[in-house]
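Below: one structure, written as structure tokens.
Each chain gets a letter, A, B and so on, in the order the sequences are listed, and its residues count up from 1. If you're wondering where the values come from, they're calculated on a predicted model, not measured in any experiment.
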Amino acid sequence: MQLGRVRGSVVATVKDPAMEGMKLLIVQPLDKSLADVGECVVAADAVHQSGEGDLIYFIASREAAEAMQPRFVPVDHAIVGIVDEVDVRP
Amino acid sequence: MKVGRVIGNVVSTIKHDFFEGERLLMVQLVDNGEDYDGYLICTDVVGAGSDETVLILDEGSSARTIYGIESAPIRSVIVGIIDDIHELDT
């Protein structure tokens with residue numbers, strides 16, 4: 001899992017039916033000092049409470065689909081938690 | 001598996017059910033003694049403390065086997081605390 005910042009959302013009315021009702025958010029991956037690193041991804045919100053600007057953590061590949069239980073939803077990135085605090089020693 | 005060093009932790013109240021009660025540790029990846037820019041947010045099944053050098057399992061199905069659970073958004077788990085690394089100088 002990696003840290004990320006929610007930068008926006010994506011609306012797609014026409015999409016794979018298995019993704020129906022899925023909140024899709026634009027996530028900027030962050031490094032350990034919370035600086036932007038790499039490209040933004042579109043992640044499904046597995047906690048259903050993430051909003052723009054939130055510091056979150058996300059998981060990729062098959063584990064993202066696992067996060068969307070009970071249905072095994074075909075997504076490759078999923079937000080699995082909202083961060084209250086990150087404590088990192090340099 | 002990978003070698004890393006525990007550099008901190010993530011505090012999070014709103015999260016996927018699987019992570020309820022799990023410690024979320026920030027782990028700096030280490031390659032023959034040198035930090036490199038990768039880090040992972042890992043759960044921990046061996047009680048690793050901060051600054052400890054640890055062994056990280058970074059693959060979903062094995063992680064789920066460790067937790068004895070068939071379906072969960074888990075991939076990066078601290079599975080060992082490393083006492084010593086002996087590398088031949090190539």
Side-chain angles (χ1 to χ4, degrees), chain A residues 1-6 22-23 25 27 29-39 41 43-90, chain B residues 2 4-30 34-45 48-54 56-78:
Chain A
M1 292 187 295
Q2 299 269 317
L3 295 169
R5 179 79 66 185
V6 177
M22 202 58 41
K23 202 162 109 183
L25 297 171
V27 171
L30 303 177
D31 67 18
K32 63 186 176 188
S33 28
L34 308 188
D36 293 5
V37 63
E39 306 306 321
V41 294
D45 181 7
V47 294
H48 311 298
Q49 294 180 48
S50 312
E52 275 174 34
D54 280 355
L55 181 61
I56 54 90
Y57 46 104
F58 65 95
I59 200 159
S61 67
R62 178 196 166 93
E63 281 61 55
E66 296 274 359
M68 308 310 290
Q69 285 305 325
R71 302 166 301 163
F72 189 88
V73 175
V75 292
D76 62 6
H77 287 87
I79 294 171
V80 287
I82 299 175
V83 175
D84 301 329
E85 196 192 314
V86 180
D87 158 34
V88 171
R89 278 170 293 294
Chain B
K2 297 176 179 172
R5 192 177 74 260
V6 178
I7 56 169
N9 65 305
V10 173
V11 178
S12 168
T13 3
I14 300 172
K15 56 199 168 191
H16 188 281
D17 299 343
F18 173 80
F19 296 104
E20 217 45 61
E22 288 294 323
R23 289 168 74 214
L24 296 174
L25 297 178
M26 289 283 287
V27 182
Q28 170 70 51
L29 293 180
V30 171
E34 293 304 315
D35 288 8
Y36 66 93
D37 62 4
Y39 75 94
L40 289 170
I41 300 174
C42 302
T43 57
D44 163 47
V45 293
S50 77
D51 289 330
E52 289 200 294
T53 301
V54 291
I56 304 153
L57 172 73
D58 190 29
E59 193 279 321
S61 50
S62 307
R64 283 184 283 280
T65 307
I66 283 181
Y67 281 94
I69 186 168
E70 222 188 281
S71 170
I74 181 65
R75 184 189 160 106
S76 312
V77 186
I78 295 174

### Query
Would A:Arg5 and A:Asp36 satisfy side chain to side chain contact (heavy atoms under 4.5 Å, CB included), going step by step from the backbone distance to the final call?
CA-CA 8 Å; A:Arg5 179 79 66 185; A:Asp36 293 5; 5.7 Å; no
### Query
Which is it for B:Val77 and B:Cys42 under the side chain to side chain contact (heavy atoms under 4.5 Å, CB included) test, yes or no, and what are the steps along the way?
CA-CA 5 Å; B:Val77 186; B:Cys42 302; over 6 Å; no
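Here B:Ile7 is the residue among B:Ile7, B:Asp58, B:Val10 with the most heavy-atom pairs under 4.5 Å with chain A. Options A:Val80, A:Val37, A:Ile79 differ in how many heavy-atom pairs under 4.5 Å they form with chain B, and the most are formed by A:Val80. With chain B as partner, the option from A:Val47, A:Asp87, A:Asp31 having the largest number of non-hydrogen pairs under 4.5 angstrom is A:Asp87.
Only the side chain of A:Ile59 comes within less than 4.5 Å of a heavy atom of chain B; its backbone N, CA, C and O stay farther away. Contacts between B:Phe19 and chain A at a heavy-atom distance below 4.5 Å involve the side chain alone, from C-beta outward. Only the side chain of A:Ser61 comes within contact range of chain B, with heavy atoms under 4.5 Å apart. Proximity to chain B (any heavy atom under 4.5 Å) is shown, for A:Arg89, by both the backbone and the side chain. Contact of B:Thr13 with chain A is made through backbone and side chain together, with heavy-atom distances under 4.5 Å. For B:Leu24, the part sitting under 4.5 Å from any heavy atom of chain A is the side chain, from C-beta outward, and nothing else. When heavy atoms are compared at a cutoff of 4.5 Å, A:Gln49 approaches chain B solely by way of its side chain, counted from C-beta outward.
Chain B is approached within less than 4.5 Å, heavy atom to heavy atom, by A:Tyr57 from residues 51-58 of chain A, ordered by number. For residues 61-73 of chain B, heavy-atom neighbours of chain A at less than 4.5 Å comprise B:Arg64, B:Glu70, B:Ser71, B:Ala72, B:Pro73, sorted by residue number.
Contact record, A:Pro29 with A:Glu39: CD-O, 3.1 Å, taken as the closest heavy-atom pair. For the pair B:Val54 and B:Ala48, the tightest heavy-atom approach, listed with the atom from each and the gap, is CG1-CB, 3.7 Å. In terms of heavy atoms, B:Val6 sits closest to B:Gly49 at CB-O, 3.5 Å. When every heavy atom of A:Ala67 is checked against every heavy atom of A:Ala46, the shortest pair comes out as O-CB, 3.9 Å.
In this structure the side chain of A:Gln2 never reaches within 4.5 angstrom of the side chain of B:Ile41, judged on heavy atoms. Contact of the B:Phe18 side chain with the B:Ile74 side chain is registered, since non-hydrogen atoms from C-beta on lie closer than 4.5 Å.
Using modelled atom types, one finds no donor on one side chain facing an acceptor on the other under 3.5 Å when comparing A:Asp84 with B:Ser12.
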